[in-house]
Asks: 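Have a look at this one.
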Amino acid sequence: SFDVATDCLGSGRFGFVFRCCNTQTREQCAVKRIEKLRFEAEGGKKEIQVLMHAQDTDDGGHRNIVRFFGQLADAHSVFIVMLLCDETLEERIQRKGLESPVERHRAALELCEGLSYLHTLPEAVMHRDLKPSNLLFKGDCLKIADMGQSRILARGETAVPTGSQGGTMGWMSPEEI
């Protein structure tokens with residue numbers, strides 16, 4: 001079971017993210033709370049499917065994809081339990097920037113490694129909403145998060161079908177517009 005703290009770490013289109021504590025292990029986690037009606041209608045199920053799919057591999061996932069621990073529900077909400085990270089790329093840039101060329105190179109390389117992992121799964125994942133607020137840091141390790149707009153592609157499929165636009169304007173790839 002988890003104790004959810006009152007401090008909201010962030011919010012997005014589908015819900016709010018809170019800091020929580022696993023009452024058995026005392027480990028800090030992040031919990032995304034989504035109203036059940038929105039969860040059913042707008043992508044919460046998809047986010048869990050993608051997170052599980054990305055971790056359902058022989059190696060248990062990739063270091064540059066945020067870790068998914070499980071889901072919980074009550075009468076009104078669904079809770080997605082994930083690794084608690086330190087800050088978003090957006091927050092890090094505002095706080096101190098990616099000052100050195102080494103830091104910028106490492107962040108870009110880790111983003112590419114995470115995307116390569118998602119794209120080379122037997123059923124590839126297209127994230128569709130990469131932006132600084134969906135890229136998290138745990139220490140110096142960049143992690144791709146917020147899979148709510150993602151799609152799992154059928155084997156051999158290389159693009160999301162036309163008419164299924166996703167993402168955030170200003171950050172979408174040209175193919176999505």
Asks: Rounded to the nearest 0.5 Å, what separation is found between the SG atom of Cys112 and the NE2 atom of His119?
Replies: 10.0 Å
Asks: Applying side-chain contact (heavy atoms from CB on, under 4.5 Å) between Ile80 and each of Val17, Leu72, Val31, Ile34, report the one that passes.
Replies: Ile34
Asks: Within a strict 4.5 Å, meaning less than it, do heavy atoms of the Met147 and His127 side chains meet?
Replies: yes
Asks: Are Val50 and Leu115 linked, directly or through intermediate hydrophobic residues, by side-chain heavy-atom contacts shorter than 4.5 Å (ILVMFWY only)?
Replies: yes
Asks: With side chains defined as the heavy atoms from C-beta onward, is the minimum distance between Tyr117 and Ile65 less than 4.5 Å?
Replies: yes
Asks: Please give me the minimum heavy-atom distance between Cys141 and Arg63, naming the atom from each residue.
Replies: SG-NH2, 3.5 Å
Asks: Kindly say whether Val78 contributes a backbone atom to a donor-acceptor pair with the side chain of Lys36 at under 3.5 angstrom?
Replies: no
Asks: Quick one: closest heavy-atom pair of Cys21 and Gln28, and the distance?
Replies: CB-NE2, 3.8 Å
Asks: If I take atom CD1 from residue Ile48 and atom CE from residue Met82, how far apart are they, to the nearest 0.5 angstrom?
Replies: 9.0 Å
Asks: Quick one: pull up NE2 in His53 and NZ in Lys46 and give me the separation to the nearest 0.5 Å.
Replies: 14.5 Å
Asks: Any non-hydrogen side-chain atom of Leu51 less than 4.5 Å from a side-chain atom of Val66?
Replies: yes
Asks: So does Phe137 have more than 12 non-hydrogen atoms from other groups sitting under 6.0 Å from CZ?
Replies: yes
Asks: Does a side-chain heavy-atom distance below 4.5 Å link Ile144 with Leu135?
Replies: yes
Asks: Working to the nearest 0.5 Å, report the span between SG of Cys20 and CZ of Phe69.
Replies: 9.5 Å
Asks: Test: salt bridge (Lys or Arg N to Asp or Glu O under 4.0 Å). Region: residues 71-86. Which pairs qualify, not counting sequence neighbours?
Replies: none
Asks: With rounding to the nearest 0.5 angstrom, report the CG to CG distance, Asn22 to Leu84.
Replies: 12.5 Å
Asks: Under 4.5 Å between any side-chain heavy atoms of Leu121 and Glu123, yes or no?
Replies: no
Asks: Hey, does the side chain of Arg151 reach the backbone of Met126 with a donor-acceptor pair shorter than 3.5 angstrom?
Replies: no
Asks: Tell me whether Glu35 at atom CD has more than 12 heavy atoms from other residues, nucleotides or ligands lying less than 6.0 Å away.
Replies: no
Asks: Count I, L, V, M, F, W, Y as connected when their side-chain heavy atoms are under 4.5 Å apart, and connections chain through other members. Are Leu83 and Leu136 then in the same cluster?
Replies: yes
Asks: CZ/Phe68 to CD/Gln55 distance, rounded to the nearest 0.5 angstrom?
Replies: 7.5 Å
Asks: How far apart are the closest heavy atoms of Ala107 and Leu142, and which atoms are they?
Replies: O-CD1, 4.1 Å
Asks: Is Glu47 close to Lys32 at the side-chain level, that is, under 4.5 Å between some pair of heavy atoms?
Replies: yes
Asks: Mind checking whether Leu111 and Asn64 have side chains closer than 4.5 Å, heavy atoms only?
Replies: no
Asks: Between Leu109 and Leu98, is there a shared hydrophobic cluster once you connect ILVMFWY residues whose side-chain heavy atoms come closer than 4.5 Å?
Replies: no
Asks: Which pair of heavy atoms, one from Thr88 and one from Ser133, lies closest together, and at what distance?
Replies: CG2-O, 3.6 Å
Asks: Are the side chains of Glu90 and Lys131 in contact, using a 4.5 Å heavy-atom criterion?
Replies: no
Asks: Testing Glu99, Glu103, Glu87 one by one against Arg92 for a salt bridge (Lys or Arg N to Asp or Glu O under 4.0 Å), which residue passes?
Replies: Glu87
Asks: Any side-chain to backbone donor/acceptor pair from Asp146 onto Asp129? Under 3.5 Å, distance only.
Replies: no
